[in-house]
Amino acid sequence: MRVLKTGTINADMCLAVKGQFVRRIVLPVVLFCGITASSMSGGVVFNDVTKETDITFIHADGSGGKFYIMETVSAGLALFDYDKDGDIDIYFINGAALKGTTYEEPPTNALYRNEGNLKFVDVTKASGVGDTGFGLGVCVGDYDNDGDQDIYLNNHGLNILYRNNGDGTFTDVAKSAGVDNGFQVGAGACFLDMDGDGDLDLYVSNYVEFSYETHSANMEAGIKSYPGPLSYLPTSDNLYRNNGDGTFTDVSVDSGVSRHAGTGMGMTCCDYDNDGDTDIYVANDVMGNFLFQNDGTGKFEEVGLIAGVAYDLHGEPQGSMGVDSGDYNNDGLFDFYVTSFWGELATLYKNLGEGMFEDVSRSSGAGKGTFPGVTWGSSFVDFDNDGDRDIFVASGHLGRNVRLIDDSLTYHQSNIFLMNTGGGKFVDMSDNCGEGMNVKLCSRGAGFDDLDNDGDVDVVILNAKREPTVLRNDTDPKGHWLQVRLRGVKTNRDGVGARVKVTAGDLVLIDEVHSGRSYQSHYGDRLYFGLGKHEKVDRVEVKWIGGGVDVLTNVPVDKLLTITEGTGTSK
Amino acid sequence: MVKTHKKPQRKRNGLQHPKNKRKSSTSSVKWVLVFIVILCSGLAAYWGFLHLQDSGETAYTKERENASSEAFEYTTAYSELAVEEQAAALKKEEMEVAETTMRIFADNVDALEMTGDFHSRYGRRAEAVKFWQRCLEINPDKQSVYRSLGWTAMDMGDYEKAIEEYRKALEINPQAKGIHREIGRALVELGQFDEAIEELEKELRVSPNAGMVNFLLGQAYFKLKDYNKAREHYEAEIKVNPDYENAYYNLIRIYTVLKETEKAKEAQLSFEDLREQSSKNERVQRMGIGLPGRDVSAIRDSVVRTYLDAEKLHRAKGDMKKAESLLKRAILIDPNNSKSFERLGSLYTMTERFPEALRQFERISKIEPSNHLSYMNIGSISTVLQRFDAAERAFKKAIEVAPDESKGYLELARLYLTTKKKHAEARRLAYKAVSLETSGKGFFIFGWACDVTGDRNGAIKAMEQAIRLEPKNAKYRQIYEGIKNRNY
């Protein structure tokens, strides 16, 4: 169901005049006028509020004219409540000097605390999370189950595990925890409870085998350009089992994961086959994507090819960048959306059930607008709370000189908004949803969360070599909504991997708590459910990893609901 | 008066007088000597002839060797520069050639098309489209330009535009191969599967064994959930294109849906093998070292193309001198690009500079030892130059490198018939030629060979075939009548 936005003038009239009489007489008239305006505006509105946020972070990609591949793929970002004060903070990942480059002051990652009203303050130094390594991917999770969220950084170079000290500061314990991962080119990372033992394990995706000694820039028609992943050998990923004592054991071999060498980038974890355990999807760049099916004990079988998610409709490997999982058609099954290189459509894999997927990018319209761009961070998010998940895609090319190679390409690219019109179809509304979509930079990671706690999901985008973009969601009116925050007790404290099912009348929505997703980023610790016109939620069911179930009924809407494991009615 | 005294000539019983006897002996000796002289002269002459032949051959061989080694004595243009500078210099030169050509041949449709192609090769799509459109303003029936516009639109994901351009190409030539397929491909991308099927079926009617058509039909039927039809088409694609990994990928999907598990596993094995190999090949090609060098090769290739395009225009205008100079420069740009030598060889042939033409085709045979056409050209020109042994060797080589190609057999047969030797072999070769490819010319030569080997019936049948295939060829009819009326 689509909620139409009224035009600006009419909205002001609506706000200014109060009372039942007005609502019954004026509002329909206003809505009628609004329909005309809204058919032009598209329903969802994003406004660029970056300058108002006081965020001064500028991304550095470490480039110095050598065209190292890492420069092009940095970086992700994390949205999470690091200080548990009830609002979402932002952690930006940064590049660093590479061989042949120097900075006067080494770039660092940056943590911005949310002060409310979309104002942020830089607390990097105070918190101790200003890593100076070459950052690529991040995930967040309470790996030690002490009640606060920790940060894992997947770098080019040694990885970092920032343990949250609970007082606003962090300590790097990667080495002692056994997860520094050696000197690799990192990519996405996810915490997940792969074996249902109540603590978070860690999957670390690695990109390519890189060395400065064998590096050579590409040349295309005499123009220097970045080499692609096929210029390197693929490499396998790492899986670490949480020992429960603050340390991890590398089980890459035992789990079956290390048998498969790829060019891992973004990744996501979810229970795609609805068998109660968490599976793993890794987007591989110009290689078949991996879908690791969990047997419930942390042993994985790679089934991407058979499942139909390794390649696109034609059987071609895509330049896969980021991947998100979500139920776009509300059929109770998780689908995947994978972003890609220019000249390719971003791919929507519809879950058909029984472990099979189909590339429906063309017939659904979910690939619209993505062909000319290089697409990165994306997500299934119900931006207008109408009960179905839309898709937002961050876009930006690799090199500044790309136009010299092909004049139809641009380095800076507009982001894309695909509105879910219901029935499994999407429409490209990028030009019709506010001035925030006019921002044209070289985007990479993106995060989606309710930054101003107003019931709708906003967007934060990391842009290569520039300031980020913060888009406030000003969709109005929007449908009813429910936000759910989970607190594990027997299971991991963040409820990572738990499946939430919300039923409101004939509307049935599912989601899971993810740690690490999309393009090498993290967001969505709170789950967002758009309810459209439904004014109450009949039932909220939580299936925790490990088997426990909590059910809540008759839940009021338009609020953040925190569900602690064991406090609901058992099924 | 002094009387001369004549010595009496006496014969003694038939016996000559001793003095007379002496005279006879001398005469015989003379004749013997004369005979010996004549014999020696003859032998000398023959030896001299042989020597000259050899000399000719040796000189020719030496000339060939010199000529072939010349190819590698060229200094490749800009090779002394660093790779990036080479690329820049080559591109600059190519731009100059393109701009000059456009100035000379302003509003020439071929020049406009070629300039568009040049810009397109370097990703200057907007420029390319401008030139192509200008070309169409002058000549709206240039099908190849609509194809280029269609291809460009496809490459940019503008499928509706691509279809529009391809349809215009079809209006000009509805039987053109490949266009329905491209429209079908665009329709698949647009999710219009029924329409895609319609177009692709049309392509199959025009071109039954074209690659990719069955694959795309398979895709369309798969999306329409007609899995049996989809399977049929993917399997047909593999028959035409046995290494097409994407077809196997889609068969895995089909067999899985149809629950044919064993077949799915087989398809998976084939797919994985092919995909691994192609990935490896692509990785080997791309991995770091030498890439800039490969890019320079690609640029050189493009520069040569621009020179060849310019040469075509000048040749069409009749400016052979300019055409020749352009081709010579193209050779310096890339001495390993056989196309330049091919064009130069054809130019020399046209202008009857046969020895020079021969040198070009011989160079091609050194650059590309399996180039069938180069040997055919060497053979033809050697025949013109009456170097029949060289011609024979060349045609034999043509047969060796392309044993399924009829022309080599045919021309060798013709050579033998023309030089009136190896008639039986000529007949065998001509027969082989017509069994590989039926043609009027082929049957004519076979008929000729039958005629000279005394097979009248064979000759008549062959000539009848020749006439059937080329009914307007008066020569065939004339020879046919001649054979029929001749007494063997």
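Sequence lines set the chain letters: A, B, ... in the order given, protein chains first and strands last, and positions in each chain run from 1.
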message = Are more than 12 heavy atoms, taken from residues, nucleotides or ligands other than Lys223(B), located less than 6.0 Å from that residue's NZ atom?
response = yes
query = Taking the six-membered ring of Tyr311(A), is NZ or CZ of Arg275(B) closer than 6.0 Å to its centre and within 45° of its axis?
reply = yes
task = Pick out which of Thr235(A), Thr263(A), Asn284(A), Asp285(A) makes a side chain to side chain donor-acceptor pair (under 3.5 Å) with Tyr207(A).
result = Asp285(A)
task = Check the angle between the aromatic planes of Phe183(A) and His156(A) and answer parallel, tilted or perpendicular using the 30° and 60° thresholds.
result = perpendicular
task = Could you look at Leu313(A) and say if it's the side chain, the backbone, both or neither that has a heavy atom under 4.5 Å from chain B?
result = both
task = Select one option (side chain, backbone, both, neither) describing which atoms of Glu189(B) are under 4.5 Å from chain A's heavy atoms.
result = both
query = Is the Tyr227(B) to Tyr221(B) ring centre distance short of 6.0 Å?
reply = no
key: Interface moiety of Gln192(B) toward chain A, non-hydrogen atoms closer than 4.5 Å   = neither
query = Using 30° and 60° as the class limits, which term best fits the ring planes of Trp342(A) and His397(A): parallel, tilted or perpendicular?
reply = tilted
inquiry  = So for Val286(A), is it side chain, backbone, both, or neither that comes closer than 4.5 Å to the heavy atoms of chain B?
reply    = neither
message = What part of Phe215(B) gets within 4.5 angstrom of chain A, counting heavy atoms only: side chain, backbone, both, or neither?
response = side chain
ask   = Does any heavy atom of chain A fall under 4.5 Å from the side chain of Arg121(B), the backbone, both, or neither of them?
value = neither
message = Could you tell me if Asn420(A) and Tyr328(A) have a donor-acceptor pair between their side chains, going purely by distance under 3.5 Å?
response = no
request  = With a 4.5 Å cut-off on heavy-atom pairs, point out which of Gly308(A), Ser363(A), Gly367(A), Gly343(A) contacts chain B the most.
outcome  = Gly308(A)
key: Residue part contacting chain B, namely of Pro234(A), when any heavy atom lies under 4.5 Å   = both
Six-ring centre of Tyr166(B), Arg181(B) cation under 6.0 angstrom, axis tolerance 45° = no
request  = Taking Asp407(A) for its side chain and Arg125(B) for its backbone only, find out whether a donor-acceptor pair lies under 3.5 Å.
outcome  = yes
request  = Mind telling me whether Phe131(B) and His119(B) have parallel, tilted or perpendicular rings, with 30° and 60° as the class edges?
outcome  = parallel
task = Using distance alone, with no hydrogens and no angle criterion, decide if Tyr248(B) and Glu272(B) have a side-chain donor and acceptor under 3.5 Å apart.
result = no
ask   = Can you say whether the rings of Tyr212(A) and Tyr68(A) are parallel (under 30°), tilted (30 to 60°) or perpendicular (over 60°)?
value = perpendicular
request  = Heavy-atom distances under 4.5 Å only: say whether Ile306(A) touches chain B with side chain, backbone, both or neither.
outcome  = both
inquiry  = Need one label for Glu344(A): side chain, backbone, both or neither, based on atoms under 4.5 Å from any heavy atom in chain B.
reply    = neither
key: chain A interface, residue from Gln268(B), Arg124(B), Gln219(B), Glu245(B) that has the most non-hydrogen pairs under 4.5 Å   = Gln219(B)
Pair Lys66(A) + Glu71(A), salt bridge at N-O below 4.0 Å = no
Residues of residues 152-164 of chain B within contact distance of chain A, non-hydrogen under 4.5 Å = Met154(B), Asp155(B), Met156(B), Gly157(B), Tyr159(B)
query = Is the closest basic N to carboxylate O distance between Glu203(B) and Arg185(B) below 4.0 Å?
reply = no
ask   = In terms of heavy-atom proximity below 4.5 Å to chain A, should Ala88(B) be classed as side chain, backbone, both, or neither?
value = neither
key: Close aromatic pair by centroid cut-off 6.0 Å: Phe271(B) and Tyr249(B)   = yes
message = Using only non-hydrogen atoms and a strict under-4.5 angstrom cutoff, which residues of residues 255-266 of chain B touch chain A?
response = Thr256(B), Lys259(B)
